[in-house]
Structure formats: C-alpha cells, structure tokens
Enquirer: 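Take this structure, written in structure tokens, and hold onto it; I'll ask about it next.
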Amino acid sequence: MEPARRQRALTLLPVGLALTCSLTAVGSSYWCEGTRRVAKPLCQDRPGALHCIHYSPGSADNGSQAVQYIWEMGDDKFIQRRFHVGLWHSCEERLGSPGEKCRSFQSVIPAEERGVLWLSIGAEVLNILLTLTSAVLLGSRGSYHSSGLHWLKVDASVAILMVLAGLLAMVAHMMYTTIFEITVNLGPEDWKPQTWDYGWSYCLAWGSFALCMAVSGMATSRYTAARLEVAEKKSVQRGSQPSQRDFQEPKSSKSVWETEAAPSPAGHAVIGVSEHLPSDAPGKVSMC
C-alpha cells in the first residue's frame, strides 16, 4: 500500500501547489513593483527632518511677502518612493511616517481599459475553480477504490480541466501585463513610476501556469498508458479464446466414444450404438 499512497501524494502535490500559488498571487499586491520620483515637501516645522526641502526665510521689505531661499538644487529636490501594484490595489510608502498609502488599481488605469482588467480577474477566478475541481477529483481518486474505467475517466477529466486552467491563467497574465504597461504610459502623473519590474506575485502566477500544464501532461500520459494496457489485455483475451475451443473439441469427442464403447449388457449395447447411427444407414450389429 505504501507505493500506491506515495503515487497519490505525488499526484496531488503539484495540483495543491498550483492552487496555492494562484490564490496567493490573486490576493497579493506585488505583481509589479518599482519606484516613483516625488518632489520633497517643505520642512516647515521640522528643521532637522530628512526627506524634505530645507529653506531659510528672508526679510520682508515694505510689507511684501518674505523671500524663501531653497538650498536643494536639481535631483536633490526629489526623492524615490517605492510602490507595488496588484490586481486590486496600488500601494506606496509614506514619507516621514510608517505604513503605506493604498488606492484602488481601477482608479489608476484608463477608463477604457477597466473592462479588460475585469476580464483578467475573471480568468484568474476560473483558473482557481478549475484547479480546485481537479484537486477534488484527484482526492476522490486517492480516497475511494473503484473500477479501472472510473479512474480512466478521472484522469481524462483532470487532463482537460488542468489544461483549460493553464490556458486561462496564461491569458489572464498577458492581459494584466498589457494593462499595466498601458497605465505606465497613459496613467495619471501622480502615479507614473520611474522604474518598475515584475514582483514575486507575478512569478507565482506564472509558476501556477507551469504546474497546471505539467499536471495536464502527467494525467494525459497516465490515461494513454492505461488505455493501451486495457486494449492489450482485450486483444490477448480475444486471441486465446479460439485456441481453447479447438483444444477442447477432440477431448469431448473422445469421451463420447469412450462412453459408448464401455461394456454393458447386450440389449443396451445395441440400443446405444444404434442411437448414434444415421437413420438411413444399413444397420448390422454382430454380437459376441
């Protein structure tokens, strides 16, 4: 029983990993991350604070406003603020205080691309549902004992479900990548990143796609091997049936003649032999 349990565990392991990766990627907000170039605020009440512009007030002349002298020049007036984006939220760090400031990613992307974002989210949800269905089928395969035909149907169903899940995941990832690149070019100025790259959530999403396709290939291979084995057994059984029939016929005829040739009283011998002769045959029996 140990090899069978080990095979069931190895079958369920990649499906569980694919489901975990998909759920983690969809729920996280680290699909893309990078930095934004933000102007430093003025250090009004914080003379020794960091990440702000230091200035010295000038003297007021004839009631006019005081002149402020700013010493930061060029790139010194800006600061790099880190951000990360997912399917649902876009978050960036706060200056001078712990924590992050988040807003909906739908409020950032162009209005004409929001429908594509919802299509991407829908494809991700369908991918999770198909992967979960495959896990339930494989779990029932490992928990209950049934006929070989039932397991063939399970393997075929898992192969179809997992390849559909992988294709949906691939389409969803590509749509999200396109939406994010469009938003980088056409999004609001207070959001546009200066540098960005794909995050660990994006890597998990593509890892789930790879696992889905691997499980589909494994299930297809198992189904093909089992189908060939069943066909081979049927052909062997069909080939062995005529040879058994030909071998049994001489044995049965020999037993009949041995029964008829057994010693018996005279009257019974004549009756037994005459029963096996044709009706129009000349009957001549010699008695010893």
Side-chain angles (χ1 to χ4, degrees), residues 12-38 79-95 97-136 161-188 190-217:
L12 280 170
L13 181 61
V15 181
L17 284 176
L19 184 60
T20 304
C21 291
S22 295
L23 288 172
T24 306
V26 170
S28 61
S29 59
Y30 286 87
W31 285 64
C32 299
E33 50 187 341
T35 57
R36 290 183 55 237
R37 191 183 184 188
V38 183
I79 187 175
Q80 300 295 327
R81 182 184 294 181
R82 297 189 59 82
F83 79 99
H84 53 89
V85 186
L87 290 173
W88 311 99
H89 300 288
S90 174
C91 301
E92 61 183 21
E93 61 181 353
R94 295 178 181 271
L95 293 179
S97 61
E100 294 179 334
K101 180 179 65 175
C102 298
R103 54 178 166 175
S104 175
F105 184 56
Q106 297 179 14
S107 64
V108 176
I109 63 176
E112 60 273 10
E113 301 296 334
R114 292 176 184 174
V116 182
L117 178 63
W118 279 111
L119 286 177
S120 176
I121 295 174
E124 293 287 354
V125 173
L126 286 177
N127 165 38
I128 292 173
L129 291 177
L130 292 176
T131 307
L132 180 61
T133 305
S134 300
V136 171
L161 290 175
M162 292 304 288
V163 74
L164 288 177
L167 292 176
L168 283 172
M170 180 184 66
V171 172
H173 305 343
M174 294 177 66
M175 285 193 294
Y176 180 83
T177 304
T178 304
I179 293 169
F180 183 79
E181 291 178 354
I182 292 175
T183 308
V184 169
N185 296 324
L186 303 178
D190 62 343
W191 179 88
K192 284 186 178 180
Q194 183 181 14
T195 60
W196 64 274
D197 201 354
Y198 298 109
W200 57 267
S201 300
Y202 192 80
C203 297
L204 282 181
W206 280 107
S208 174
F209 160 76
L211 287 171
C212 287
M213 302 308 289
V215 171
S216 176

Enquirer: Enter the distance from Leu126:CG to Thr131:OG1 here, rounded to the nearest 0.5 Å.
Expert: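 OG1 of Thr131 is found 10.5 Å from CG of Leu126.
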
Enquirer: Please find the pair of heavy atoms, one from Ser216 and one from Val163, that lie closest to each other, and give the distance.
Expert: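 Residues Ser216 and Val163, closest heavy atoms: OG-CB, 3.4 Å.
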
Enquirer: List the residues meeting side-chain contact (heavy atoms from CB on, under 4.5 Å) with Glu92, not counting sequence neighbours, and say none if there are none.
Expert: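 side-chain contact (heavy atoms from CB on, under 4.5 Å) check on Glu92 returns Arg36, Arg81, Phe83, Lys101.
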
Enquirer: Can you check whether Glu124 reaches His173 side chain to side chain, under 4.5 Å on heavy atoms?
Expert: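 In short, these two side chains touch, coming nearer than 4.5 Å.
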
Enquirer: What residues form a ring pair (Phe, Tyr, Trp, His ring centres under 6.0 Å) with Tyr176, not counting sequence neighbours?
Expert: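 Ring pair (Phe, Tyr, Trp, His ring centres under 6.0 Å) list for Tyr176, sorted by chain: Trp31, Phe105.
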
Enquirer: Among residues at least two apart in sequence or on other chains, which ones pass disulfide (SG to SG under 2.5 Å) with Cys203?
Expert: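 Cys203: no disulfide (SG to SG under 2.5 Å) contacts found.
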
Enquirer: Can you tell me how far CG of Leu12 sits from CG of Leu19, rounded to the nearest 0.5 angstrom?
Expert: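 It is 11.5 Å, given to the nearest 0.5 Å.
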
Enquirer: Using atom types as modelled, flag every donor-acceptor pair under 3.5 Å from a side chain in residues 109-120 to any protein atom, sequence neighbours excluded.
Expert:
unit_1 : atom_1 : unit_2 : atom_2 : d
Arg114 : NE     : Gln106 : O      : 3.0
Arg114 : NH2    : Gln106 : O      : 3.4
Ser120 : OG     : Ala172 : O      : 3.0

Enquirer: Looking at every non-hydrogen atom in both residues, tell me the closest pair between Cys91 and Glu100 and how far apart they are.
Expert: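 For Cys91 versus Glu100, the nearest heavy atoms are CB-OE1, 3.8 Å.
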
Enquirer: Check side-chain contact (heavy atoms from CB on, under 4.5 Å) between Ser208 and all other residues, then give those that pass, not counting sequence neighbours.
Expert: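 By the side-chain contact (heavy atoms from CB on, under 4.5 Å) rule, Ser208 matches Ala18, Cys21, Ser22, Asn127, Cys212.
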
Enquirer: Check side-chain contact (heavy atoms from CB on, under 4.5 Å) between Leu130 and all other residues, then give those that pass, not counting sequence neighbours.
Expert: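 Testing Leu130 for side-chain contact (heavy atoms from CB on, under 4.5 Å), a comparison that skips the adjacent residues, returns Leu161, Leu164, Ala165, Leu168.
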
Enquirer: Output all residues satisfying side-chain hydrogen bond (donor to acceptor under 3.5 Å, both in side chains) with Trp206, sequence neighbours left out; order by chain, then residue number.
Expert: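 Checked Trp206 against side-chain hydrogen bond (donor to acceptor under 3.5 Å, both in side chains); matches are Tyr202.
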
Enquirer: For Trp191, give me all partners under side-chain hydrogen bond (donor to acceptor under 3.5 Å, both in side chains), at least two apart in sequence or on another chain.
Expert: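 Once residues adjacent in sequence are excluded, the partners of Trp191 under the side-chain hydrogen bond (donor to acceptor under 3.5 Å, both in side chains) criterion are Ser90.
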
Enquirer: Ignoring hydrogens and angles, tell me if any N or O in the side chain of Glu93 forms a donor-acceptor pair with the backbone of Arg82 under 3.5 Å.
Expert: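 At least one qualifying donor-acceptor pair exists.
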
Enquirer: If I compare all heavy atoms of Val26 with all of Trp88, which pair ends up nearest, and what's the gap?
Expert: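 That would be O-NE1, 3.0 Å.
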
Enquirer: Taking side-chain contact (heavy atoms from CB on, under 4.5 Å) as the test, write out the residues that go with Thr24, two or more places apart.
Expert: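 Applying side-chain contact (heavy atoms from CB on, under 4.5 Å) to Thr24 gives Thr20, Trp200, Leu204.
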
Enquirer: Would you give the length of the straight line joining atom CG of Asn185 to atom CD1 of Ile182, rounded to the nearest 0.5 angstrom?
Expert: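 Result: 8.5 Å between the selected atoms.
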
Enquirer: Mind checking salt bridge (Lys or Arg N to Asp or Glu O under 4.0 Å) for Arg103 and listing every partner two or more places apart, or none if nothing turns up?
Expert: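 Scan of Arg103 (salt bridge (Lys or Arg N to Asp or Glu O under 4.0 Å), adjacent residues dropped) gives Asp190.
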
Enquirer: Checking Ser29 now: which residues fulfil side-chain hydrogen bond (donor to acceptor under 3.5 Å, both in side chains) with it, not counting sequence neighbours?
Expert: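 For Ser29 the side-chain hydrogen bond (donor to acceptor under 3.5 Å, both in side chains) partners, ignoring immediate neighbours, are His84.
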
Enquirer: At their closest point, which heavy atom of Gly166 faces which heavy atom of Met213, and how far apart are they?
Expert: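 So the two residues come closest at CA-SD, 3.9 Å.
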
Enquirer: If the condition is side-chain hydrogen bond (donor to acceptor under 3.5 Å, both in side chains), which residues does Thr195 pass it with, not counting sequence neighbours?
Expert: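 Only Thr35 meet the side-chain hydrogen bond (donor to acceptor under 3.5 Å, both in side chains) criterion with Thr195.
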
